[in-house]
Amino acid sequence: RDKSGVSKKIYTEYELTFAANQSFLLCGKKVNTFGSAHYIISLENAALTKSGKGYLGKVRSDSTGKEFNLFDHGENPQTALKEKIREQLGAIYFEEVSEDHSMPRKMTVLIPQVKSDKDIIKWKPLKDQDHMIPKYRSKQREAMMHFISKPPKYSTMLEAYILDFYGRVKQPSVKNFQLVPPSNEEEPAVLFGRTDKNLFVLDAKYPFSLFQALGVALSSFHYSYQYTLYD
């Protein structure tokens, strides 16, 4: 995470590198939008704009900052030609378990269904009600996969909620999380957490792509309150 430009009204940038050799993978950046959080994801760290050649897609929240949609580089269906309509690659929403924030937030993540032959069902919603979150809430879940943040356990010794990050996470943070399928909470598909002041680890495996995993991680930077989760 690079926050050096914040004082100059340049938004924070996030660079994803391969841990073994520090080779560049992806880059994300928060951009200026009215009324919502908006992050772009690119294959280039030099030209972080929607017009850049490496532009892959974006993460955008609703006005509450609790719900996020992840789209590819396609165009808004209200103005785009049919063949250029953007594809939805995921959705994230946060819930506060307690009104006083005494318990960790709950995260729900939805991605398109990956079929047995590795083919991915395409989501190209034309209206807001066709997005993943409204479909999920109305029990129309056939074409999506559902993951939740692994619930932590309360330690009476520490007087705090704790979660085993398998030695991957070094510092407590409200942004630390693991995504698991509800049927198997012992097999995280995505693991994210702080290792230093501006360094984080991001582990992801099938059925998540790196683009989807980074999009989920970026949403956690925006939606947070002061609750710390310990390893």
> Find out whether Pro134 and Asp128 are in side-chain contact, i.e. whether some heavy atom of one side chain is under 4.5 Å from a heavy atom of the other.
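Counting from C-beta outward, Pro134 and Asp128 never come under 4.5 Å.
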> Taking all heavy atoms of Pro125 and all of His131, pick out the closest pair and write down the distance.
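So the minimum-distance heavy-atom pair works out to CG-CD2, 3.2 Å.
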> Do Val109 and Phe68 share a hydrophobic cluster (ILVMFWY, side-chain heavy atoms under 4.5 Å, transitive)?
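Yes.
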> Please evaluate residues Thr12 and Lys30 with respect to the criterion side chain to side chain contact (heavy atoms under 4.5 Å, CB included), reporting the C-alpha separation (whole Å), side-chain torsions for both, the decisive distance (0.1 Å), and the verdict.
CA-CA 6 Å; Thr12 306; Lys30 187 175 182 181; 5.6 Å; no
> Does atom CD of Gln129 have more than 12 heavy-atom neighbours, drawn from other residues, nucleotides or ligands, at distances under 6.0 Å?
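Enclosed.
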> Partners of Asp119 by salt bridge (Lys or Arg N to Asp or Glu O under 4.0 Å), sequence neighbours excluded?
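Salt bridge (Lys or Arg N to Asp or Glu O under 4.0 Å) check on Asp119 returns Lys115.
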> Side chains of Arg60 and His38: does their closest heavy-atom pair fall under 4.5 Å?
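Result yes, sub-4.5 Å side-chain heavy-atom pair found.
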> Under the salt bridge (Lys or Arg N to Asp or Glu O under 4.0 Å) rule, collect the residues that match up with Glu186, sequence neighbours excluded.
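For Glu186 the salt bridge (Lys or Arg N to Asp or Glu O under 4.0 Å) partners, ignoring immediate neighbours, are Lys150.
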> Is there a side-chain contact between Lys122 and Ile120, using heavy atoms and a 4.5 Å cut-off?
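They are not in side-chain contact.
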> I'd like to know if the side chain of Asp62 and the backbone of Thr64 have a donor-acceptor N/O pair within less than 3.5 Å.
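Yes: the side chain of Asp62 pairs with the backbone of Thr64.
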> Once rounded to the nearest 0.5 Å, what's the spacing between atom CG of Leu126 and atom CD1 of Ile85?
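Taking CG in Leu126 and CD1 in Ile85, the distance rounds to 5.0 Å.
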> For residues Pro152 and Ile162, determine if any side-chain heavy atom of one lies less than 4.5 Å from a side-chain heavy atom of the other.
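Not in contact.
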> Indicate, with yes or no, if Leu56 and Ile111 share a hydrophobic cluster defined by side-chain heavy-atom contacts under 4.5 Å among Ile, Leu, Val, Met, Phe, Trp and Tyr.
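Shared cluster, yes.
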> Once you round to the nearest 0.5 Å, how far does CZ of Phe165 lie from NZ of Lys170?
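The NZ atom of Lys170 is 12.5 Å from CZ of Phe165, to the nearest 0.5 Å.
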> Can you tell me how far the CZ atom of Arg194 sits from the CG atom of Leu199, to the nearest 0.5 Å?
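Rounded to the nearest 0.5 Å, the CZ-CG separation comes to 9.5 Å.
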> Taking only residues two or more places apart in sequence, or in another chain, which ones meet Ser138 in a side-chain hydrogen bond (donor to acceptor under 3.5 Å, both in side chains)?
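Per chain and number, Ser138 pairs via side-chain hydrogen bond (donor to acceptor under 3.5 Å, both in side chains) with Gln140.
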> To the nearest 0.5 Å, what is the distance between CD1 on Ile40 and NZ on Lys29?
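Between Ile40 CD1 and Lys29 NZ, I get 6.5 Å after rounding to 0.5 Å.
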> Decide whether Ile121 and Met145 are clustered together by the hydrophobic rule: side chain heavy atoms of Ile, Leu, Val, Met, Phe, Trp, Tyr closer than 4.5 Å, transitively.
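No: no chain of side-chain contacts under 4.5 Å links Ile121 to Met145.
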> Report yes if some heavy atom in the side chain of Phe221 is under 4.5 Å from a heavy atom in the side chain of Lys175; otherwise report no.
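Phe221 vs Lys175: side chains touch.
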> Tell me, please, which residues at least two apart from Ser23 pass side chain to side chain contact (heavy atoms under 4.5 Å, CB included).
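Residues passing side chain to side chain contact (heavy atoms under 4.5 Å, CB included) with Ser23: Phe18, Asn21.
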> Do side-chain atoms of Gln178 reach the backbone of Asp164 as a donor and acceptor pair under 3.5 angstrom?
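Looks like yes, one N/O pair under 3.5 Å.
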> Looking at residues at least two apart in the chain, or sitting in another chain, which of them share a side-chain hydrogen bond (donor to acceptor under 3.5 Å, both in side chains) with Thr195?
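Checked Thr195 against side-chain hydrogen bond (donor to acceptor under 3.5 Å, both in side chains); zero matches.
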> Among all residues two or more places apart in sequence or in another chain, which pass the ring-ring contact (aromatic ring centres under 6.0 Å, His included) test with Phe208?
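Listed in chain order: Phe147.
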> Just wondering, do Ser220 and Phe192 contact through their side chains at under 4.5 Å, heavy atoms?
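Touching, per the 4.5 Å side-chain cut-off.
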> Suppose the criterion is salt bridge (charged side-chain N to carboxylate O under 4.0 Å, His left out): which pairs have a residue in residues 199-212, not counting sequence neighbours?
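Counting only pairs at least two positions apart or across chains, the salt bridge (charged side-chain N to carboxylate O under 4.0 Å, His left out) contacts touching residues 199-212 are Arg168-Asp203, Glu187-Lys205.
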> For side chain to side chain contact (heavy atoms under 4.5 Å, CB included), just list the numbers for Glu15 and Phe24, CA-CA rounded to whole Å, side-chain angles, deciding distance to a tenth of an Å, and then say yes or no.
CA-CA 8 Å; Glu15 188 172 295; Phe24 174 82; 3.6 Å; yes
> List the steps and the verdict of side chain to side chain contact (heavy atoms under 4.5 Å, CB included) for Phe94 and Ser219.
CA-CA 10 Å; Phe94 295 88; Ser219 73; 3.7 Å; yes
> For Tyr206, what residues pass the side chain to side chain contact (heavy atoms under 4.5 Å, CB included) criterion, not counting sequence neighbours?
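Side chain to side chain contact (heavy atoms under 4.5 Å, CB included) check on Tyr206 returns Val114, Lys118.
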> With hydrophobic residues grouped by side-chain heavy-atom distances under 4.5 Å, do Leu218 and Ile133 end up in a single group?
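Looking at the clustering, Ile133 is in a separate group from Leu218.
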> Should Phe211 and Val59 be regarded as members of a common hydrophobic cluster, given that ILVMFWY residues are connected when their side-chain heavy atoms come within less than 4.5 Å of each other, either directly or indirectly?
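Same hydrophobic cluster.
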> Just so I know, are the side chains of Leu214 and Ile41 near enough to count as touching, which here means a heavy-atom distance under 4.5 Å?
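In short, these two side chains touch, coming nearer than 4.5 Å.
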> Minimum heavy-atom separation for Leu179 to Ser149, with atom names?
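Smallest interatomic distance, heavy atoms only, reads CD2-N, 4.1 Å.
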> Identify the heavy atoms of Trp123 and Pro112 that sit nearest to each other, and give their distance.
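For Trp123 and Pro112, the tightest heavy-atom pair comes out as CD1-CB, 3.7 Å.
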> Cation-pi check for Tyr93 against Arg137: NZ or CZ below 6.0 Å from the six-membered ring centre and within 45 degrees of the axis, yes or no?
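Yes, cation above the ring, under 6.0 Å and within 45°.
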> On a heavy-atom basis, which atom in Glu44 and which in Gly54 lie closest, and how many Å separate them?
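Heavy atoms only, the tightest pair is OE1-N, 3.2 Å.
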> Taking Asn176 for its side chain and Gln171 for its backbone only, find out whether a donor-acceptor pair lies under 3.5 Å.
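Side chain of Asn176 to backbone of Gln171: a pair is present.
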> CZ/Phe71 to CG/Leu89 distance, rounded to the nearest 0.5 angstrom?
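Spacing of CZ (Phe71) from CG (Leu89) equals 9.0 Å.
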> Among residues two or more places apart or on two chains, list those pairs meeting side-chain hydrogen bond (donor to acceptor under 3.5 Å, both in side chains) that have a residue in residues 83-92.
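Counting only pairs at least two positions apart or across chains, the side-chain hydrogen bond (donor to acceptor under 3.5 Å, both in side chains) contacts touching residues 83-92 are Asn69-Gln88.
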> What are the two closest heavy atoms between Asn45 and Cys27, and how far apart are they?
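Minimum heavy-atom separation between Asn45 and Cys27: CB-SG, 4.0 Å.
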> Hydrophobic clusters join Ile, Leu, Val, Met, Phe, Trp and Tyr when side-chain heavy atoms are under 4.5 Å apart, directly or via other members; which others share one with Leu81?
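Leu81 shares its hydrophobic cluster with no other residue.
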> With sequence neighbours excluded, tell me which residues meet side chain to side chain contact (heavy atoms under 4.5 Å, CB included) with His146.
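Counting only residues at least two positions away or on another chain, His146 forms a side chain to side chain contact (heavy atoms under 4.5 Å, CB included) with Thr108, Leu110, Tyr136, Ile148, Pro182.
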> As an exercise, state the distance from CD of Glu95 to CE of Met107, rounded to the nearest 0.5 Å.
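Nearest 0.5 Å value for the CD-CE distance: 11.5 Å.
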> Does Leu210 have any side chain to side chain contact (heavy atoms under 4.5 Å, CB included) partners at least two apart in sequence or in another chain, and if so, which?
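Here the qualifying residues are Leu16, Leu25, Leu26.
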> Would you say Tyr166 and Pro188 make side-chain contact, with heavy atoms under 4.5 Å?
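Yes, side chains in contact.
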